[in-house]
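First the structure, in the form of structure tokens, and then the observations on it.
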Amino acid sequence: MKSDSLGDDLTATGNLLTGVSTYFVALEKFAYSNASYVYKYGTTTTSALQLTLRNKEFQLAVAKWAPMAGDLVGWGAAGISVSQYFRGDIGGYELATDLGMTYIGTKGGWATAASLAYFGGKGIWNYYNPENPLFPVPIKH
């Protein structure tokens, strides 16, 4: 199989965007869980209650924008998959699977882990098996 620099760059960028999207999903979950966490100790100038209120406001703000940022990055990754399909770099089955796993990755928890495992596994498989990729490469005419 002949290497296509733009196609390889698109694949790497799509995988990066999927990873960033997954980070935002995790950040949202982390922020919500920390928003209710109560600190036991304050400082000499700030009480524990003041620290807790500040942290809660910050964590809730992060939890508010993280899902939107994650969705935007996820749409960017999906756009790259669609672009690869129209360039002829990937076939319809791979496009459908990529879009499905991108969507699943935005759901959090085990779904996010499954999405990361798919994209990471696909990337590793295709890197070490360039003559036998996970999905068949479309024939370019």
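The model shown is predicted, which means the values in this text are computed figures rather than measured ones.
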Check whether Ser115 reaches the backbone of Met101 with its side chain - one donor and one acceptor, N or O, closer than 3.5 Å.
yes
Tyr85: which residues meet the side chain to side chain donor-acceptor pair (under 3.5 Å) condition with it, sequence neighbours left out?
none
Restricting to pairs with a member in residues 73-83, which pass salt bridge (charged side-chain N to carboxylate O under 4.0 Å, His left out), not counting sequence neighbours?
none
Is there a path of hydrophobic side-chain contacts, each under 4.5 Å between heavy atoms of I, L, V, M, F, W or Y residues, that connects Phe86 with Leu95?
yes
Share the residues that join Tyr128 in a hydrophobic cluster, the rule being Ile, Leu, Val, Met, Phe, Trp or Tyr side chains under 4.5 Å apart at the heavy-atom level.
Ile124, Tyr127
Sorted by first residue and then second, give each salt bridge (charged side-chain N to carboxylate O under 4.0 Å, His left out) pair with at least one member in residues 110-125; sequence neighbours left out.
Glu94-Lys122, Asp98-Lys122
If you group Ile, Leu, Val, Met, Phe, Trp and Tyr by side-chain heavy-atom gaps below 4.5 Å, do Phe135 and Phe119 land in one group?
yes
Are Val137 and Ile90 in one and the same hydrophobic cluster, where Ile, Leu, Val, Met, Phe, Trp and Tyr link if side-chain heavy atoms are under 4.5 Å apart?
no
Applying side chain to side chain contact (heavy atoms under 4.5 Å, CB included), can you list everything that pairs with Ala78, at least two apart in sequence or on another chain?
Leu99
Shortest non-hydrogen pair, Pro138 vs Gly91, comes out as CG-N, 3.5 Å
Using links of under 4.5 Å between side-chain heavy atoms of ILVMFWY residues, direct or through other members, which residues join Leu72 in one cluster?
Met68
Could you go step by step and tell me if Asn132 and Trp125 meet the side-chain contact (heavy atoms from CB on, under 4.5 Å) rule?
CA-CA 9 Å; Asn132 185 23; Trp125 178 269; 4.1 Å; yes
Give a yes or no on whether the backbone of Leu134 and the side-chain of Asn126 come within a donor-acceptor separation of less than 3.5 Å.
yes
Only counting residues at least two apart or in another chain, list the ones meeting side chain to side chain contact (heavy atoms under 4.5 Å, CB included) with Ala96.
none
Test your reading of the model: is there a side-chain donor-acceptor pair from Thr97 to the backbone of Tyr93, 3.5 Å cut-off?
yes
